[in-house]
Amino acid sequence: MTRAADGIRCMMMRGGTSKGAYFLADDLPADTVERDDLLLRIMGSPDARQIDGIGGAHPLTSKVGIVSRSAGPDTDVDYLFLQVGVDQPVVTDQQNCGNILAGIGMFALERGLVAAGTDLTTVRIRMVNTDSVAVATFPTPGGRPRYDGDLAIDGVPGTAAPVEIAFSDTAGSTTGALLPTGNVVDEVEGVKVTCIDNGMPSVLVSATDLGVSGTEQPTDLESNSGLAERVRAIRFAAAALMGMNDVAESTVPKVVLLSPPLNGGTIGTRSFLPVRVHTSIGVLGAQSVAAGIAIPGAVGHDLACLPAQGEPFRIEHPTGEFVVRIDFVPGTTDVASSVVYRTARKLFDGLVFPRLP
Ligand code: NQM
């Protein structure tokens with residue numbers, strides 16, 4: 001590790017619909033308190049504008065991925081995700097992020113942690129936050145990651161090269177069970193909820209139960225202070241039922257408002273991050289919604305136009321839709337595996353200079 005005043009090696013990437021700073025673990029302090037303090041200074045937190053750092057003044061652009069070679073034979077690299085608070089001096093490892101994950105394989109190849117395949121490279125990634133595995137495959141003509149391509153994902157302008165990401169152990173990622181409370185439906189704060197954890201602990205609520213349609217713009221939902229208070233109360237109460245202790249400084253569970261689909265998709269969503277509202281939806285967040293609404297009796301099941309067997313779920317969100325392909329254990333709604341397609345792009349590679357303490 002170099003001295004902070006000399007700059008820290010860092011790559012900035014867009015991963016899916018998010019953006020973050022990617023580091024090798026060896027380029028950051030091993031001590032987590034020191035590391036988190038350094039990351040706050042790199043991102044420019046706490047400050048609503050993150051004006052003195054490289055954070056983008058929104059939770060979706062204040063993210064960090066830390067990568068190292070895996071110790072065991074089953075995966076190639078370890079990926080630790082950290083959410084860096086924007087206006088709060090908080091760094092949390094309590095959630096995973098499937099969007100930043102989209103760039104991890106390419107970053108690992110750029111840094112020489114893995115060898116390239118012939119035309120495609122597959123990287124087995126251990127997601128340290130949830131101790132689960134994702135397998136990313138992306139084009140590498142001539143042994144280099146190829147970023148340009150023709151896949152468009154909603155929420156990102158233009159097109160880029162596809163990154164296929166396959167998951168096989170998302171159910172119960174954080175809480176130990178797909179239905180962490182043991183129930184399909186619970187009642188919290190006078191509202192029916194389905195608590196579900198298929199990669200992202202989430203609390204599904206019908207938007208109309210909170211007095212909104214679920215089709216509002218994120219900024220309109222954010223400025224509805226009565227709604228924000230109810231979402232906060234539901235999140236805290238549901239977290240206790242899900243066995244998650246003291247989530248005041250954690251970004252999980254997420255509360256997701258559900259509504260009937262408007263554009264030929266499966267379901268409409270508005271996802272709280274937990275305070276700001278997502279401009280699209282997270283990768284694992286979308287998988288949790290899909291797994292939840294598939295269960296008969298769950299909140300959202302009757303609002304959804306569920307796909308025919310073998311067809312993907314199209315999770316509508318404020319800027320389009322997110323396509324998730326889930327394989328269920330035959331004859332059940334237990335999740336066996338899933339596949340999503342994302343894109344990612346290297347934005348800069350160099351040294352970042354943190355504000356000095
Ligand atoms: O759910 C935002 C994002 C995410 C998380 C959040 C994500 C996921 O879109 O896998 O990607 O829910 O905090 O980056």
Side-chain angles (χ1 to χ4, degrees), residues 12-22 43 55-65 79-86 88 90-104 125 127-130 132-134 136 153-156 163 165-167 169-171 173-175 196-204 218 221-222 231 235 239 244 247 249-257 269-292 313 315 317-324 326 335 338-345:
M12 192 92 181
M13 296 185 86
R14 174 182 65 74
T17 48
S18 288
K19 187 156 64 177
Y22 290 62
M43 300 306 267
H58 191 281
L60 297 177
T61 52
S62 184
K63 296 180 173 251
V64 166
Y79 153 51
L80 174 69
F81 170 71
L82 297 175
Q83 179 72 51
V84 179
V86 175
Q88 301 293 324
V90 175
V91 178
T92 172
D93 63 2
Q94 300 290 296
Q95 79 162 82
N96 205 344
C97 179
N99 273 309
I100 292 301
L101 169 68
I104 294 294
I125 301 163
M127 300 186 288
V128 175
N129 304 72
T130 49
S132 46
V133 176
I153 59 170
D154 287 341
V156 178
V163 181
I165 312 177
F167 300 92
D169 55 357
T170 46
S173 66
T174 301
T175 60
I196 186 91
D197 176 6
N198 186 31
M200 182 66 69
S202 301
V203 183
L204 310 184
L221 295 172
E222 286 169 356
V231 165
R235 188 172 95 83
M244 302 172 76
V247 295
E249 291 206 340
S250 168
T251 50
V252 283
K254 312 281 182 192
V255 174
V256 187
L257 309 190
T269 61
R270 295 292 184 268
S271 171
F272 284 74
L273 289 167
V275 176
R276 303 293 302 270
V277 175
H278 209 305
T279 50
S280 51
I281 191 168
V283 173
L284 295 155
Q287 296 193 54
S288 292
V289 169
F313 289 74
I315 309 298
H317 57 66
T319 47
E321 66 174 25
F322 190 112
V323 181
V324 187
I326 296 190
V335 176
S338 57
V339 173
V340 300
Y341 286 87
R342 298 270 84 192
T343 64
R345 206 166 75 75

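Counting convention: from 1, in listed order, for ligands and their atoms alike. Numbers here simply count residues along the sequence, with the first being 1. The structure presented is a predicted model; accordingly, all values stated were derived computationally and were not measured.
No side-chain donor from either of Thr251 and Gln83 sits under 3.5 Å from a side-chain acceptor of the other. At a cut-off of 3.5 Å, with distance as the only test, a side-chain donor of Asn99 or Thr17 sits close to an acceptor on the other residue.
Where the criterion is an N or O separation shorter than 3.5 Å, residue side chain and backbone included, Leu273 fails it with respect to ligand 1. For the pair Ile281 and ligand 1, the shortest N or O to N or O distance does not fall below 3.5 Å. Between Thr17 and ligand 1, a contact under 3.5 Å exists for no N or O pair. Where the criterion is an N or O separation shorter than 3.5 Å, residue side chain and backbone included, Lys254 meets it with respect to ligand 1.
When each atom of ligand 1 is checked for a heavy atom of His278 under 4.0 Å away, the hits are 2 (C), 3 (C), 4 (C), 9 (O). Within ligand 1, counting atoms from 1 as listed, the ones closer than 4.0 Å to a heavy atom of Met200 are 1 (O), 8 (C). Every atom of ligand 1 is numbered from 1 in the order shown, and the set under 4.0 Å from a heavy atom of Gly98 is 7 (C), 8 (C), 10 (O), 11 (O). Residue contact check: Gln95 has heavy atoms under 4.0 Å from atoms 5 (C), 6 (C), 13 (O) of ligand 1.
In terms of modelled atom types and a separation under 3.5 Å, the side chain of Arg235 and the main chain of Val252 share a donor-acceptor contact. Counting only distance, with no hydrogens or angles, the side chain of Asp169 and the backbone of Val133 share a donor-acceptor pair below 3.5 Å. In this structure, Lys254 contributes its side chain and Leu273 its backbone to a donor-acceptor pair below 3.5 Å. Panel note: side chain Asn96, backbone Asn129; no donor-acceptor pair is recorded below 3.5 Å.
Ranking the protein heavy atoms by distance from atom 1 (O) of ligand 1 puts Gly285 N, 2.9 Å first.
By the criterion of a heavy-atom distance under 4.0 Å, the side chain of Ser18, and not its backbone, is placed next to ligand 1.
Residue Leu60 places a heavy atom under 4.0 Å from ligand 1. In this structure, Gln287 falls outside the shell of residues with a heavy atom less than 4.0 angstrom from ligand 1.
Between Lys63, Lys19, Arg342, it is Lys63 that holds the heavy atom closest to atom 2 (C) of ligand 1.
A 6.0 Å sphere centred on CZ of Arg14 holds more than 12 heavy atoms belonging to other residues, nucleotides or ligands. Atom NZ of Lys19 sits in a sparse spot, with 12 or fewer heavy atoms from other residues, nucleotides or ligands closer than 6.0 Å.
For the side-chain contact (heavy atoms from CB on, under 4.5 Å) with Phe167, the qualifying choice from Asn198, Val339, Val283, Val324 is Val283, the only one to do so.
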